[in-house]
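Predicted model only: the values in this text are computed from it and were never measured.
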Amino acid sequence: LGATEVILDFEKVVTLDATSAKAIGALVKSLQMVEVKVVFSAVGPKEKQMYRLLMKNGALPVEGNEDDGSCMIVDCMDEGLCLCETRLLKTTMFAASPEGENRHFANDTAGQISQYLHSFLAPLPFQSEDSGLAPADTPELLTGIALKMEERFVDVGVPIFEEGEPCCEVFLVLAGTTILQRSEKNRKGNQVSTRIVRKYSPGSLMGVLPFQVNPAHTSTCMAGPSGCKVAILSREVLQVLEAEDPRRASLVHRIFSRHVSLLTQIALGPAAVTSAGSVKIFKEMSVAVGAMLSDRFASSAGRA
């Protein structure tokens, strides 16, 4: 099947015997032999029997050996899905590693922002490296965008944006992690709980879709356990870029469009984007976005 990630969800498991734990341990070893990463969800606290049995039979990673990422433990299925999605994004053919491009950028915050933004400009599967879609002076244009973005440090547990607030900013995570959570409501519309929708790591963009289509946020985003540092692009700054430098504004919108296409690729699955039908869809989408941006910024160029 070409799977690279497997999540074992124990949320509905009440108890576990030694035979079952031994079988799960054998399954985990078999998956690791074919380089499939395993994520355990909701296995419970360490002092409980289920956790101890899984650990004893070699299913769970030994403390201190989780760094290789081949087997990890998360609190819930949502967190597991977010972890797998992040790893897929980092290995997908679409997402270029910013480390490989650091020769073009300054070694400071603006350079870090530029590197992360540049990773969203990697060619799509049907595009060649020399397709000419990005201007030759892209690093300089991205640095100009980075210098317009506001840098903000957020303490642990402090909201970056909250449900119901206007969607006027896009956020790029530079350090630490952030947690997106959504309210669960009953039939009367009263909040009964919250659940984690996903976690963001450095290099992730947050709020792109709400920024483009929603008047208000439908989720709340908080700084993670160690706090975080984000770079912020506001709607006002984007409007200034459209008026002053349409080429920079065009790159911003290309980055936003690529961010959406990455999410689409994850939804379809890595194998889907290699099929002729999917490539045709992405090609048509790219042409449509290009035409939209050309129309939008032709008028901006006239005003600049």
Original post:
Where do G176 and P202 come nearest, in terms of heavy atoms and distance?
Top reply: O-CD, 3.3 Å

Subject >> Linked hydrophobic residues, L53 as query - side chain contacts closer than 4.5 Å >> reply: none

Original post:
Are V39 and M77 grouped together when hydrophobic residues (ILVMFWY) are joined by side-chain heavy atoms under 4.5 angstrom apart?
Top reply: yes

**OP:** Check the pair V173, M206 against side chain to side chain contact (heavy atoms under 4.5 Å, CB included), reporting the backbone distance first and the verdict last.
**Re:** CA-CA 8 Å; V173 183; M206 305 187 302; 4.0 Å; yes

Subject >> Under the ring-ring contact (aromatic ring centres under 6.0 Å, His included) test, residues paired with Y200 that sit two or more places apart >> reply: none

Original post:
Can you list the other members of the hydrophobic cluster that holds V156, where links are side-chain heavy atoms under 4.5 angstrom apart?
Top reply: none

Original post:
Side-chain contact, heavy-atom cut-off 4.5 Å: D155 with C228?
Top reply: no

**OP:** Rounded to the nearest 0.5 Å, what's the gap from SG on C221 to CZ on R182? Could you check?
**Re:** 11.5 Å

Original post:
Any side-chain heavy-atom pair from N57 and I24 closer than 4.5 angstrom?
Top reply: no

Below 3.5 Å, can you tabulate the donor-acceptor pairs from side chains in residues 144-151 to any protein atom, sequence neighbours excluded?
{"residue": "E150", "atom": "OE2", "partner": "R152", "partner atom": "NH2", "Å": "3.4"}
{"residue": "E151", "atom": "OE2", "partner": "K229", "partner atom": "NZ", "Å": "3.4"}

**OP:** Begin with the C-alpha distance, continue with both residues' side-chain angles, and end with the deciding distance and a verdict on side chain to side chain contact (heavy atoms under 4.5 Å, CB included) for L172 and L174.
**Re:** CA-CA 6 Å; L172 174 66; L174 301 179; 4.0 Å; yes

**OP:** Report yes or no: does T143 contribute a side-chain atom to a donor-acceptor pair with the main-chain N or O of P139 at less than 3.5 Å?
**Re:** yes

**OP:** Return yes if some donor-acceptor pair links the side-chain N/O of R248 with the main-chain N/O of L141 below 3.5 Å, else return no.
**Re:** yes

Subject >> F211 backbone acceptor or donor facing R235 side chain under 3.5 Å >> reply: yes

**OP:** Apply side chain to side chain contact (heavy atoms under 4.5 Å, CB included) to V170 and I232, showing your working.
**Re:** CA-CA 6 Å; V170 170; I232 303 168; over 6 Å; no

Subject >> Residue pairs involving residues 206-217 (criterion salt bridge (charged side-chain N to carboxylate O under 4.0 Å, His left out); sequence neighbours excluded) >> reply: none

Original post:
For the atom pair CZ (F256) and CG (L233), what is the distance rounded to the nearest 0.5 Å?
Top reply: 5.0 Å

**OP:** Flag yes if V43 and L31 sit in one hydrophobic cluster, no otherwise; membership is Ile, Leu, Val, Met, Phe, Trp, Tyr, and two members link when side-chain heavy atoms are under 4.5 Å apart.
**Re:** yes

Subject >> Heavy-atom side-chain proximity of K199 to E79 below 4.5 angstrom >> reply: yes

**OP:** Quick one: closest heavy-atom pair of S204 and S201, and the distance?
**Re:** OG-O, 2.8 Å

Subject >> Pairs satisfying ring pair (Phe, Tyr, Trp, His ring centres under 6.0 Å), at least one member in residues 8-44, at least two apart >> reply: F10-F40

Subject >> Qualifying ring pair (Phe, Tyr, Trp, His ring centres under 6.0 Å) pairs with a residue from residues 143-170, counting only residues at least two apart or across chains >> reply: F161-F171, F161-H217

**OP:** Would you list the pairs meeting side-chain hydrogen bond (donor to acceptor under 3.5 Å, both in side chains) in which at least one residue belongs to residues 25-36, sequence neighbours left out?
**Re:** none

Original post:
Judged by atom type as modelled, is there a donor-acceptor pair below 3.5 Å linking the side chain of D245 to the main-chain atoms of R247?
Top reply: yes

**OP:** Output every pair passing side-chain hydrogen bond (donor to acceptor under 3.5 Å, both in side chains) with a member in residues 157-176, not counting sequence neighbours, ordered by first then second residue.
**Re:** E163-S183

**OP:** Taking the side chain as every heavy atom from C-beta outward, state whether V6 and K37 have any atom pair closer than 4.5 Å.
**Re:** no

Original post:
Partners of T177 by side-chain hydrogen bond (donor to acceptor under 3.5 Å, both in side chains), sequence neighbours excluded?
Top reply: none

Original post:
Applying side-chain hydrogen bond (donor to acceptor under 3.5 Å, both in side chains), which residue pairs with at least one partner in residues 7-22 are found, sequence neighbours left out?
Top reply: D9-S41, D17-S20

Original post:
Between C76 and V74, does a side chain to side chain contact (heavy atoms under 4.5 Å, CB included) hold up when you go through it step by step?
Top reply: CA-CA 6 Å; C76 63; V74 296; over 6 Å; no

Original post:
Can M72 be reached from M33 by stepping across I, L, V, M, F, W or Y side chains whose heavy atoms are under 4.5 Å apart?
Top reply: no

**OP:** Could you check if a side-chain atom of V36 sits within less than 4.5 angstrom of a side-chain atom of T4, using non-hydrogen atoms only?
**Re:** no

Original post:
In terms of hydrophobic clustering (I, L, V, M, F, W, Y; side-chain heavy atoms under 4.5 Å; direct or indirect links), are L180 and V208 co-clustered?
Top reply: no

Subject >> S119 side chain reached by L117 side chain, heavy atoms, under 4.5 Å >> reply: no

Subject >> Side-chain hydrophobic cluster, 4.5 Å single linkage: members besides I179 >> reply: I196

Subject >> Geometric cation-pi criterion R254 and F120, 6.0 Å radius, 45° cone >> reply: no

Subject >> Cluster overlap V38 with V13, hydrophobic side-chain contacts below 4.5 Å >> reply: yes

**OP:** Check whether any side-chain heavy atom of M222 lies under 4.5 Å from a side-chain heavy atom of V158, and answer yes or no.
**Re:** no

